[in-house]
Undergrad: 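Below is a structure I'd like to ask you about.
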Amino acid sequence: MSERTPMIEMCNVSKHFGSVIALSDISMKVCSGEVMCLLGDNGAGKSTLIKTLSGVHSPSHGEMYLDGKPVNFKSPAYALDAGIATVFQDLAMIPLMSITRNFFMGREPTVGWGPLKRIDWKYADRIAKQEMAKIGIDVRDPSQPVGTLSGGERQCVAIARAVYFGAKVLILDEPTSALGVKQASVVLRYIAKARADGLAVIFITHNVHHAFPVADAFTLLSRGGSLGTFRKAEITREEVLNMMAGGAELESLDAELSEFQRSDQQQKQATGDGGQPLSRASNA
Amino acid sequence: MKSNESNQSAAAVSEPQDERLQKVSFWKKALNRPELGALAGTVLVLAFFIVVSSGTGMFSPSGIVNFLEVSAQLGIIATAAALLMIGGEFDLSIGSMIGLAGILIAIPAVEYGWPLWAAIILAFSCAALVGWINGNLVNKTGLPSFIVTLGFLFILRGLAIGISRLLTGRTQVGGVQDHIPGDWFAALFSGEVGTGLFAWMASQGWIATNFADNPMVTGIPVSIVWWLGLTAVATWILLCTPYGNWIFASGGDKNAARNSGVPVHRVKISLFMFTAFSATVFACIQVMDTGSADTIRGMLKELEAIIAVVIGGALLTGGYGSAIGAALGALIFGMVQMGIFYTGVNTDWFQVFLGVMLLVAVLFNNYMRKKAMEAK
């Protein structure tokens, strides 16, 4: 594993926004055919890391290498050209534009030449419908505005788009947050398929049931810094869960919850019936 | 993998007709087009004036050419303003650019003996520069284009007056018409198209002629040709080209567009350059037509252009609209302006009508957009 050239590598990357240090000294590498899961609290720097990888931000310090070659993306267009496709948390969708227009935004297939070069709408509509069908969403009409879709369907458009255009690296920022069970499993299967196809996959999720089955390695971020990368063999599901949520907090939450339950029961016994649910909650 | 394939085959089976897709009538589809309101408005205004101004000559060939010319001049700048508004920005400096471009054409040609084509090229170069500066300022500072171009509204008007007074001592420059004959470039902005056709139609007795057997309408003014041409090109760009998709995307959501690889900054700069270009086309036609330039030309044209674009169904916030809608908006504008004149109503009322039109159009567009966002 270690002698292979990583598909994407970050060396001591930092990102500052004015006086705020959003990322400090992050090093990470993902080989082709590998899935890296980023873990960490809100504000740990996961999204900033992903935005740096996909060209939205350029790093303040440090280098990035794609397939062994140093890269410096001036905008997401360069990252896309280099084969890095990203599903952003806000999905980068435009509600008033059609599904097809969104799907091919910035990457429009054309026919003809010179001043007559035009978007190949027939082809674009067909591909959009077909790629959406693959993810399990049967698009009624690819020319309908994205704004008419549900949140989950929109997320599927964004994922289908990234999978379609991601040639080397696929980055997903909480891709399963708005999805139903069926679509979430389709997305996980997509990730597995992308890995089998030799892509490097980086993704963020807060769901351990989504993270553990597909990830090969976990990188834990905290307050802008990296707490290390763990191979799957070195770690258990419970440890991942602990790292995701901060285990100590979960334990104290458990204790608090059982405390609520106990006081509820005591109250029930004292009054004979449960009373109003709302007032119970406020009493507790 | 396996279920992927089964998904695919499932999709293939349901391909012929989706049961959730009810037959959408042509009308329902048309309701989702941004220019629908403008089309309805055009029909309404047309019907109104056909009834009210019957027998006044508004709809005689020369009357039609009259109001089309008014529409065309506005339509030229409205087309560019529409693309810019769909791209999410305003240009309030259009009107001042018209004044400045006129001066830049007339002074070198009349006072310094430049050939007219060279003066026109100078005006277009300056317009390109102004558009480029506007676009870059908006991109780099992140300020609303409303403020940036409001600044240029005054800067350009002031420059026009200042330069003109400095070089000629006046704010009006006449005598351009003497330089037009024989100038190949000026011919693009002056005169009429299809004069031979109209003469032939007159000889066949198809159109009215005057006492000397010349047709009442000798040709289509070049402004109308520019208007139709620019509208066609803009519509082609919006509906059929990647660049058109980038305009919608840039106006719909700047960040989403950039994150998807759209060169938002380049799109916006080019759109600002296009509005300045259209203002210069307007100025050229006006200067050739009147034979003079005046520093106060084009005042309030930027607002008239915005009115035409909004009546045409574009969203003020960007990301939605059409060039055909803007053309219809300009057509309504021209019909009302000339129609009020023909019907003998005091022309003071024109502005009242215009304001009411604008409000009705915005309310209607708002309503239609909400309808469009509901699941069909």
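FYI, side chains are in, hydrogens and waters are out, and symmetry mates aren't considered; it's all heavy atoms of this structure. Below, chain A is the first sequence line, B the second, and so on; all start at residue 1.
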Undergrad: Would you check, one step at a time, whether the test side-chain contact (heavy atoms from CB on, under 4.5 Å) holds for L96(A) with L315(B)?
TA: CA-CA 11 Å; L96(A) 277 166; L315(B) 271 183; 3.5 Å; yes
Undergrad: To the nearest 0.5 Å, how far apart are CG in N259(B) and NZ in K51(A)?
TA: 7.0 Å
Undergrad: Looking at chain B, which one of E108(A), R118(A), M93(A), R161(A) has the largest number of heavy-atom pairs inside 4.5 Å, strictly under?
TA: E108(A)
Undergrad: At a 4.5 Å cut-off on heavy atoms, which part of F104(A) comes close to chain B: side chain, backbone, both, or neither?
TA: backbone
Undergrad: So which part of P115(A) gets closer than 4.5 Å to some heavy atom of chain B, the side chain, the backbone, both or neither?
TA: backbone
Undergrad: Should we count NZ of K117(A) as having more than 12 external heavy atoms under 6.0 Å?
TA: no
Undergrad: Given that the side chain runs from C-beta out, which part of M132(A) has a heavy atom under 4.5 Å from chain B: side chain, backbone, both or neither?
TA: neither
Undergrad: Rounded to the nearest 0.5 Å, what's the gap from CG on L116(A) to CH2 on W236(B)? Could you check?
TA: 5.5 Å
Undergrad: Among S260(B), A257(B), G244(B), which residue has the highest count of heavy-atom pairs closer than 4.5 Å to chain A?
TA: S260(B)
Undergrad: Could you tell me whether K254(B) atom NZ has more than 12 heavy atoms of other residues or ligands within 6.0 Å of it?
TA: no
Undergrad: Between S75(A) and H265(B), is there a side-chain heavy-atom distance shorter than 4.5 Å?
TA: no
Undergrad: Is it the backbone or the side chain of I119(A) that comes under 4.5 Å from a heavy atom of chain B, or both, or neither?
TA: both
Undergrad: T110(A) versus chain B, heavy atoms under 4.5 Å apart: side chain, backbone, both or neither?
TA: side chain
Undergrad: With a 6.0 Å cut-off (strictly less than), is the heavy-atom count around CZ of F146(B), excluding the residue itself, greater than 12?
TA: no
Undergrad: Show, in sequence, the C-alpha distance, side-chain angles and deciding distance for V56(A) and R258(B), and conclude whether the side-chain contact (heavy atoms from CB on, under 4.5 Å) test is met.
TA: CA-CA 8 Å; V56(A) 177; R258(B) 183 171 178 269; 4.1 Å; yes
Undergrad: If you draw a 6.0 Å radius around CZ in F364(B), do more than 12 non-hydrogen atoms from other residues or ligands fall strictly inside?
TA: yes
Undergrad: At what distance, to the nearest 0.5 angstrom, does CG of N245(B) lie from CZ of R107(A)?
TA: 12.5 Å
Undergrad: How many angstroms lie between OG in S250(B) and CD1 in I94(A), if you round to the nearest 0.5 Å?
TA: 7.5 Å
Undergrad: Looking only at atom types and distance, does a side-chain atom of W121(A) sit under 3.5 Å from a main-chain N or O of L239(B), one as donor and one as acceptor?
TA: yes
Undergrad: Return the minimal non-hydrogen interatomic distance between A256(B) and M105(A), and the atom names on each side.
TA: O-CE, 4.2 Å
